[in-house]
Amino acid sequence: MARRKKIYEGKAKTLFEGPEPGTIVQYFKDDATAFNAEKKDVIEGKGVLNNMLSEFFMNGLTNIGVPNHFIRRLNMREQLVRACEIVPLEVIVRNFAAGSISKRLGIEEGTPLPRPIIEYSYKDDALGDPLVPEEYIAAFGWASQQDMDDIVSLALRVNDFLSGVMFGVGIKLIDFKIEVGRVYEGDYQRLIVADEISPDSCRLWDIESGQKLDKDVFRRDLGSLTDAYSEVAKRLGVMPKGATPMTKPTLIN
Ligand code: 5GP
């Protein structure tokens, strides 16, 4: 198979030039990192699970009319996505306190928030993705006021969709992070949900037991990450019958 051009290698994914202009192949690695890559490991099967779960969530968003970059899954570890210009922000939506907001404000994890709270981090690994006020976003030209209106609308629609889907399988959506990309259509630009939606970028707690089924299992050494993600995939009917996530890489470059 022809060697493909690598565009970017991130902590959990590698991007390759896609087969047609305006497309990208997103390859999901097994690498897990936390605390700005201070903690690292390779969790066999994680990439396969996140590829399938992100496909499931993005397809769900497409079905309810929320624009996103997903085109189709190519194989166990890769999906074809639409190329876009990533807005340099992590858009975080919180329904219940956990993680950094709990630490920052001294709110016990699991406390319901009065309403969904949206916050933004500036995407910069060297700076540790610092939380930024909206004032910075316009001032530094990362996104316009119109973009911010669209980002809030996308974030809240993703929140409603994900909360509902997860609630249906007995899981509480505590919080999540999305990234947004800009695409150009003629003279117009549009913002779409990009990157991935998976247990790497959400907090998911079992409604009954409170068991964590997300990347906090890795961050906080709470057991097997693959078991946690497999549980989410099984409940959503995403894992094909008889499949195991321990599939060896099918890579191609
Ligand atoms: P916190 O600010 O509490 O650490 O994270 C809030 C939510 O955003 C969590 O669901 C967390 O997984 C997600 N999140 C925040 N920063 C990142 C990041 O750099 N990468 C990923 N994958 N998720 C993030």
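Whatever order the structure lists them in is the order used to number ligands and atoms, beginning at 1.
A heavy-atom separation below 4.0 Å is found between R219 and ligand 1. At a 4.0 Å cut-off, at least one heavy atom of R94 sits close enough to ligand 1 to count as contact.
Closest to atom 22 (N) of ligand 1 among all protein heavy atoms lies D200 O, 3.2 Å. Of all protein heavy atoms, the one closest to atom 1 (P) of ligand 1 is S100 OG, 3.4 Å. For atom 10 (O) of ligand 1, the closest heavy atom belonging to the protein is D175 OD1, 2.6 Å.
Looking at A98 against ligand 1, only its backbone comes within 4.0 Å, counting heavy atoms. At a 4.0 Å heavy-atom cut-off, ligand 1 touches D129 through the side chain alone. Within the 4.0 Å heavy-atom criterion, the part of C202 lying near ligand 1 is the backbone and not the side chain.
For the pair K212 and W205, the cation-pi criterion (under 6.0 Å, within 45° of the ring axis) is fulfilled. Taking the ring centre of F16 as origin, the terminal cationic atom of R4 falls inside the region bounded by 6.0 Å and 45° from the ring axis. A cation-pi geometry, defined here as NZ or CZ lying under 6.0 Å from the six-membered ring centre and within 45° of its normal, does not hold between K46 and Y229.
For the pair D41 and D30, the minimum side-chain heavy-atom distance is 4.5 Å or more. The shortest distance between side-chain heavy atoms of L49 and M239 falls below 4.5 Å. Contact of the L15 side chain with the K6 side chain is not registered, since no non-hydrogen atoms from C-beta on lie closer than 4.5 Å.
Ligand-side atoms of ligand 1 in range of G99: 3 (O), range being under 4.0 angstrom from any heavy atom.
By the side chain to side chain contact (heavy atoms under 4.5 Å, CB included) test, S121 is found to be paired with E90, I92, D129, residues two or more places apart in sequence or in another chain being considered. The side chain to side chain contact (heavy atoms under 4.5 Å, CB included) check on R115 picks up nothing, with sequence neighbours excluded.
One option in E90, K177, R104 has a heavy atom closer to atom 16 (N) of ligand 1 than any other, and that option is E90. Comparing K123, R203, K215, K103 by heavy-atom distance to atom 6 (C) of ligand 1, the nearest is R203.
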